[in-house]
Trainee: 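The structure's right below; bear with me while I get my questions together.
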Amino acid sequence: MGSERCPEGPLFHGGANAVAHSPSHTIPIVYNPCRLQSKILFRLETVTMHRWSQLFIPTLREAPADAEVASHKLLVRAGYIRQLGAGIYSFLFMGNRSTQKIMGIVREEMDKIGQEFYLPTLHPRDLWEESGRWTVMGENMFRLKDRKGADLCLGMTHEEVMTDIARKELRSYKQLPQIWYQIQTKFRDEPRPKSGLLRVRQFIMKDAYSFDIDAAGLDVSYLKNHDAYCRIFDRCGLKYMVIDAHSGAMGGSKSQEFMVRTPAGEDLIVSCEKCNYAANMEKATSKLDRVENLKPEGDGQPLEVHTPGQKTIEDVARFLGVSTVHTIKTLAMMITAVEPERGKTRIPAKWEPGPVSRAVVLLMRGDHQMNEAKLSTAVAGKETRPMQEEEIRALFHSPAGYLGPLGIDWAKNMDEPGKPILLVDKALEGRANLIGGANKDEYHLKNLTSGKDFHPTAYVDLRSVTAGEACPSCGSPLRIDTAVEIGHIFKLGYKYSESMGARVLDRNGKEVAPIMGSYGIGIERILTAAVEQNNDENGFWLAPSIAPFDVVVVSTNSKDEAIRSASEDVARQLEASGYDVLLDDRDERPGVKFKDADLVGIPFRINVGNKVTEGTVEVVRRSTLQREEVKISVITEYFRGLRQ
RNA sequence: CGGGACGUAGCGCAGCCUGGUAGCGCACUUGCUUGGGGUGCAAGGGGUCGCGAGUUCAAAUCUCGCCGUCCCGACCA
C-alpha cells in the first residue's frame, strides 16, 4: 500500500469498446426505421462520424465566478457539466461520455468478482429503522412522504436494501460467498456542498457488498475488492494511494481508503517519503525522537512554582526556560452519554452531573496536538466536547488554565463508573520530571512523573502526527498532503446482518449471521480527481480509457478542400480501427480549435494542415504537448503502436 | 447551524455611494474579411437588474423581508 500506481499504463483501455455505447451511432437506426426512410441515409452519413460542428460542446473562455478548484472551473469550461443548484450538477454530452466510460471500466472489473444488481433509490422508512440509521443519518438524509403520508427516504447508501435481500434469500453457507454490486445514484443532503463535483448532494456510486460465512471468507472477499479497485484505478490512469483508514465507531474492522493527492482534497493523509507507509490523519502514527528528561529538582517530589499570568503551555515553558517537550498540556473533555449511533442529539451546553456526562482529562506533551478521531476511538466512539470553566472548577476545584493530574481520584479503568478518566498520550509514557498544572491559580508543578505521581486510567495514542516526523515503519520523514477519497473498502462485520436478522445455516446446521463487507467508488470523483491531477491553465487531459474521445482531428482550414477531405479521411480511418474520434470540422480559425482541443480533456490531437500535400499530419500528445509528424497512410498503425 | 461575500444578457463584469433613457468585453445572428494558437470591420438580436413589499412624482440604485449561490468554520455513513 501507499505506493502510487503509474498512470502510464496501457493506453486505450476500453476506448474501442466504448464506440458501441455512443448514442448517436444507434438512435437513427433503432427508432422507427420505416418512417425515417431516406432521411436515415442522410443521418447516417452525417452522424456516424462525431462532428464538432453538429455536437453540443459548449466551451467557455472564462470560468464561472463561483468556481474555486481547478476541476470545477475546467469541467464547466470544457462543457462537461453545468450547475443546477448547490451540489447538483447536470452532465452534458462530453461529461456523460466520460462517466459512461468510467462506469464501463468499473463494470468490467466488478463483473470479474461479483454480480451486478440494480436497487431502488426510494426506500421505505421501516428498513432504516431496523438498522437504526433512520435516526443516525439525521439531516444528511433526504426524506419525503408519499400520498398516504408514509415516510420514505432517498438512499444514501444501500447496506439496508442489500441486507434485506440477503436475509430473505440466503439460507445456507453453501450459497456463500456472495459479492453483489450496483452502480447507482446516491443522495446525501450535505451541510455544505462545495468544490464543484468534489462534494455534492447527488452522485453516482458503485457500491458493493460481500456476504461470507466467516472472517476468513471476508478476508478473501475484501482482498478481491481491493484488487479490483487497483485494476479499476490503474485503468483510469489515476495516481493513487491506498491508505489505512480510521474504522470509526463501527468497530475495529479493517478499512482502507483509495486516495488521490490534490490541493483541492478535503482529507489529510500522512505518507512516508521512502517506504509504503500511508495512513490518514485519524490513524497515522510516527516515531518520536528520544527526549532526555529534565533533572529532578529538590527532593524529586512535585514542586510548586509560581507562574503568574502564564496560561498557555508555551508561556509557561518560556517563563521557566524549558522546552515545551518537558511540559504537559491538560485538556478537559466531557463525554456525553449520546452514542453516535443515536445521531444528532444536541449535546447539553451546561454541566449535567450523573450518568449523562462523564469527564475525561487528556494529558499531551506540550508541543503536541490532540487528534479528535483518536480520542473518539479511545472513548469507544462516544461524543465529547470541551468542558466549561465552571465544570472544571466544580469537578476538579481548579481554575481552567491550571488544571493538572495530581490529587484527583481517577478511574482505574475505562469501565469503572463515576470517576473521571485520565488518558495520557503514549508520548508521555515513561517520561519523568515534567511540568504541568497545579490545580491552583498561577501555579504549576515541576517533577511530575506519570505512573509515580499520578496514575492514568490508560495510556493511549491521542496525538496528531506532523510533517517531518519519522515514519513508524522505516524512520524516514513523513509528509502530509490533502487528498480526495475515490474509493473506500470496509470490513463491516456483523452490524447489519445482526441488526436486520440475516441468518444462514453453517455446515454444522447451526444458524449464524453472515459477515459483511462494503465497498464504494465515487464515479464522478474519478473524473474530478483525474482532472485535478492532469491540468494546466489551458485545460486538462484524461487517460484514453476515460476520455470522451481518444483523439480529436482538427481540420485547420475548412475552406481548403485538400485539408478538409484529408481530415475526414484520417478521422474515418481511425474510427474504422475502433478509436473514438472527434472531428473538429467547424468553420473556425485554427487558433480557436487548438484552444478548444487543449481544453476538453482529449488525450491526442491530430492537426491536419498544409502538410497534407505531402501526405503528412501532426499528432500532438496533450499531456506533454509533444508533436510528431505522421504519414496519413500509416496513421492507424501509428496509434496502434501507442497501445503498447 | 455560526461568520463573511455576492446576485445586473449565456459567461466575465461596470453602474448603486449621490434615485431620473440599463452599459462594457466575450459569446450569439447577418455580411465582408482572415485562415497554424481565441483575426479584423460593420450592422444586429438578447436583460421581469434574484423575488416581494415599502419610501418616492420617479427605484438596478434607498429601507425591510424572503430566496438563491459561493467562501471560512461546525459537520461529513
Side-chain angles (χ1 to χ4, degrees), chain A residues 56 58-69 72-73 76-77 79 82-89 128 131-141 153 155-160 186-196 198-201 203 205 207 245-251 255 257 266-267 280 282 340-341 343-344 346-347 372-373 376 381 383 385-386 484-485 488 490 492 495-496 518-520 522 537-539 554-560 563-564 584 586-599 605-612 617-618 620 625 627:
Chain A
F56 184 62
T59 58
L60 299 174
R61 280 194 199 211
E62 286 174 286
D66 42 20
E68 284 274 309
V69 303
H72 187 197
K73 288 180 183 169
V76 172
R77 283 190 57 207
R82 289 293 185 263
Q83 183 172 20
L84 184 61
I88 312 174
Y89 287 84
W128 287 79
S131 69
R133 296 208 290 184
W134 180 263
T135 315
V136 174
M137 292 308 190
E139 301 205 299
N140 270 11
M141 181 182 259
C153 66
M156 311 174 67
T157 173
H158 283 73
E159 279 84 4
E160 280 79 358
K186 301 283 190 270
F187 294 88
R188 296 179 188 183
D189 195 359
E190 292 286 343
R192 183 144 99 80
K194 58 181 288 203
S195 307
L198 282 179
R199 181 163 291 278
V200 290
R201 296 194 290 173
F203 59 97
M205 179 186 268
D207 48 321
H246 178 59
S247 12
M250 293 223 222
S255 159
E257 291 170 334
E266 299 184 281
D267 297 326
N280 70 12
E282 281 111 50
E341 273 77 9
K344 305 282 174 191
R346 292 260 168 244
I347 301 163
E372 298 207 11
S376 169
E383 290 199 30
R385 61 168 172 84
V484 172
E485 179 186 345
H488 199 161
F490 206 106
L492 279 181
K495 180 182 167 73
Y496 296 92
S518 80
Y519 317 90
E537 62 279 19
N538 291 319
V554 176
S555 163
T556 57
N557 185 344
S558 52
K559 293 247 164 45
D560 183 315
I563 291 176
R564 195 199 61 76
D584 191 351
R586 294 175 298 169
D587 183 16
E588 288 286 353
R589 307 251 318 167
V592 174
K593 295 184 174 188
F594 295 155
K595 287 284 184 196
D596 273 344
D598 285 349
L599 175 61
R605 180 171 102 218
I606 297 177
N607 292 334
V608 182
N610 291 326
K611 290 259 173 77
V612 293
V617 292
E618 186 179 45
V620 185
L625 298 176
R627 286 151 194 267

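On a predicted model such as this, the values are computed, not experimentally measured, just so you know. Order of the sequence lines fixes the chain letters, A, B, ..., with proteins taken first and strands second; residue numbering starts at 1 for each chain.
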Trainee: Supply the atom-to-atom distance A:Met205 CE to A:Lys186 NZ, rounded to the nearest 0.5 angstrom.
Mentor: 6.0 Å
Trainee: Side chain of A:Ala65 only, please: which of B:G38, B:G36, B:G12 is the nearest?
Mentor: B:G12
Trainee: Quick one: do A:Gln83 and A:Val76 satisfy side chain to side chain contact (heavy atoms under 4.5 Å, CB included)? Show the steps, please.
Mentor: CA-CA 8 Å; A:Gln83 183 172 20; A:Val76 172; over 6 Å; no
Trainee: How would you label the contact of A:Arg82 with the nucleic acid (heavy atoms, under 4.0 Å): base, sugar-phosphate, or nothing?
Mentor: nothing
Trainee: At less than 3.5 Å, do the side-chain atoms of A:Arg605 and the base atoms of B:G37 form a donor-acceptor pair?
Mentor: yes
Trainee: Can you check whether any acceptor in the base of B:G36 is under 3.5 Å from a donor in the side chain of A:Asn610, or vice versa?
Mentor: no
Trainee: Picking from B:G36, B:G35, B:G38, which would you name as closest to the side chain of A:Lys595?
Mentor: B:G38
Trainee: Just compare B:G35, B:G36, B:U39 and give me whichever is closest to any side-chain atom of A:Asn607.
Mentor: B:G36
Trainee: Kindly say whether, by distance alone, the side chain of A:Arg192 makes a donor-acceptor pair under 3.5 Å with the base of B:C71?
Mentor: no
Trainee: Do NZ/NE/NH1/NH2 and the carboxylate oxygens of A:Arg627 and A:Glu618 come within less than 4.0 Å?
Mentor: yes
Trainee: How many Å lie between CG on A:Leu198 and C1' on B:C75, as a whole number?
Mentor: 17 Å
Trainee: Could you pull out all residues at least two apart from A:Lys611 that satisfy salt bridge (charged side-chain N to carboxylate O under 4.0 Å, His left out)?
Mentor: A:Glu629
Trainee: Report the distance from atom CG of A:Asp66 to atom C1' of B:G4, rounded to the nearest whole Å.
Mentor: 16 Å
Trainee: State, to 0.1 Å, how close A:Ala245 and A:Asn280 come at their nearest heavy-atom pair, and which atoms those are.
Mentor: CA-ND2, 3.7 Å
Trainee: Provide the Watson-Crick or G-U wobble partner of B:G20, both distances under 3.5 Å; none if there is no partner.
Mentor: B:C57
Trainee: Which whole number of Å gives the distance between the P atom of B:G38 and that of B:G45?
Mentor: 30 Å
Trainee: When the distance from CG of A:Asn140 to P of B:C1 is rounded to whole Å, what number comes out?
Mentor: 14 Å
Trainee: Give me the distance, rounded to whole Å, that separates B:U21 from B:A59 when you measure between the P atoms they each carry.
Mentor: 11 Å
Trainee: Considering just the side-chain nitrogens and oxygens of A:Gln83, establish if one lies under 4.0 Å of OP1 or OP2 belonging to B:C70.
Mentor: yes
Trainee: Pick the P atom in B:C6 and in B:C62, then give their distance to the nearest Å.
Mentor: 12 Å
Trainee: Of the options B:G12, B:G38, B:C76, whose atoms approach the side-chain atoms of A:Glu62 most closely?
Mentor: B:G12
Trainee: Using a heavy-atom cut-off of under 4.0 Å over every strand shown, decide if A:Met141 touches base, sugar-phosphate, or nothing.
Mentor: nothing
Trainee: Within the 4.0 Å heavy-atom criterion, would you say A:Ser195 contacts the bases, only the backbone, or no part of the nucleic acid?
Mentor: sugar-phosphate
Trainee: On RNA chain B, compare the nucleotides closest to A:Thr59 and A:Ala63; which residue's is nearer the 5' end?
Mentor: A:Ala63
Trainee: Got a donor-acceptor pair under 3.5 Å from the side chain of A:Glu588 to the base of B:G38?
Mentor: no
Trainee: With rounding to the closest Å, how many angstrom separate the P atoms on B:C28 and B:C75?
Mentor: 47 Å
Trainee: State whether A:Arg589 places a side-chain N or O below 4.0 Å from either non-bridging phosphate oxygen (OP1 or OP2) of B:G37.
Mentor: no
Trainee: Looking for any heavy atom pair under 4.0 Å, which part of the strands does A:Thr556 touch: base, sugar-phosphate only, or nothing?
Mentor: base
Trainee: For B:G2, give its Watson-Crick or G-U wobble partner with both distances under 3.5 Å, or none.
Mentor: B:C72
Trainee: Would A:Lys194 and A:Glu266 pass as an ion pair if we require N to O under 4.0 Å?
Mentor: yes
Trainee: Have a look at A:Asp587 and say if it touches a base, only the backbone sugar-phosphate, or nothing, with a 4.0 Å heavy-atom cut-off.
Mentor: base
Trainee: Figure out the CE/C1' separation between A:Met205 and B:C76, and round it to whole Å.
Mentor: 12 Å
Trainee: Taking atom C1' in both B:C76 and B:G4, what distance in whole Å separates the two?
Mentor: 22 Å
Trainee: Using a cut-off of 4.0 Å on non-hydrogen atoms, how would the nucleic acid contact of A:Asp560 be classed: base, sugar-phosphate, or nothing?
Mentor: nothing
Trainee: Does A:Glu160 form a side chain to side chain contact (heavy atoms under 4.5 Å, CB included) with A:Trp134? I'd like the steps, not just the answer.
Mentor: CA-CA 11 Å; A:Glu160 280 79 358; A:Trp134 180 263; over 6 Å; no
Trainee: Does A:Glu266 or A:Arg77 map to a spot on RNA chain B nearer the 5' end, using the closest nucleotide for each?
Mentor: A:Arg77
Trainee: With C1' as the reference atom in both, quote the distance from B:A22 to B:C64 in angstrom, rounded to an integer.
Mentor: 25 Å
Trainee: Return the pairing partner of B:G7 with a 3.5 Å limit on both distances, Watson-Crick or G-U wobble; otherwise return none.
Mentor: B:C67
Trainee: Select base, sugar-phosphate, or nothing to describe what A:Pro64 touches, counting heavy atoms under 4.0 Å on all strands.
Mentor: sugar-phosphate
Trainee: Taking B:G15 as the reference, what is the distance to B:G23 when you measure between their C1' atoms (whole Å, please)?
Mentor: 7 Å
Trainee: Measure the distance from CD1 on A:Ile606 to P on B:G36 and round it to the nearest whole Å.
Mentor: 19 Å
Trainee: Give none if B:G47 has no partner; otherwise give the nucleotide forming a Watson-Crick or G-U wobble pair with it, both distances under 3.5 Å.
Mentor: none
Trainee: Just how far, in rounded Å, is P of B:C1 from CD of A:Glu139?
Mentor: 8 Å
Trainee: Please state how far atom NE2 in A:His72 lies from atom P in B:C71, giving the value in whole angstrom units.
Mentor: 8 Å
Trainee: Taking atom types as they are modelled, would you say the side chain of A:Arg564 forms a donor-acceptor pair with the base of B:G35 within the 3.5 Å cutoff?
Mentor: no
Trainee: Provide, to the nearest angstrom, the distance between the CZ atom belonging to A:Phe56 and the P atom belonging to B:A27.
Mentor: 17 Å
Trainee: Please check the phosphate of B:G36 (OP1 and OP2 only) for any side-chain N or O of A:Lys611 closer than 4.0 Å.
Mentor: no
Trainee: Mind checking A:Glu68 for me? I need base, sugar-phosphate or nothing, with any heavy atom below 4.0 Å counting as a touch.
Mentor: sugar-phosphate
Trainee: Taking atom types as modelled, find out whether A:Ser195 and A:His72 have a side-chain donor-acceptor pair closer than 3.5 angstrom.
Mentor: no
Trainee: Nearest to the A:Pro191 side chain among B:G36, B:C76, B:C75, which nucleotide is it?
Mentor: B:C75
Trainee: Please evaluate residues A:Ser518 and A:Glu159 with respect to the criterion side chain to side chain contact (heavy atoms under 4.5 Å, CB included), reporting the C-alpha separation (whole Å), side-chain torsions for both, the decisive distance (0.1 Å), and the verdict.
Mentor: CA-CA 8 Å; A:Ser518 80; A:Glu159 279 84 4; 3.3 Å; yes
Trainee: Across all strands shown, which nucleotide pairs with B:A42 by Watson-Crick or G-U wobble geometry, both distances under 3.5 Å?
Mentor: B:U30
Trainee: Look at all strands and tell whether A:Lys593 reaches a base, only sugar-phosphate, or nothing, counting heavy atoms closer than 4.0 Å.
Mentor: nothing
Trainee: For atom P, what is the distance between B:A60 and B:A53, given to the nearest Å?
Mentor: 14 Å
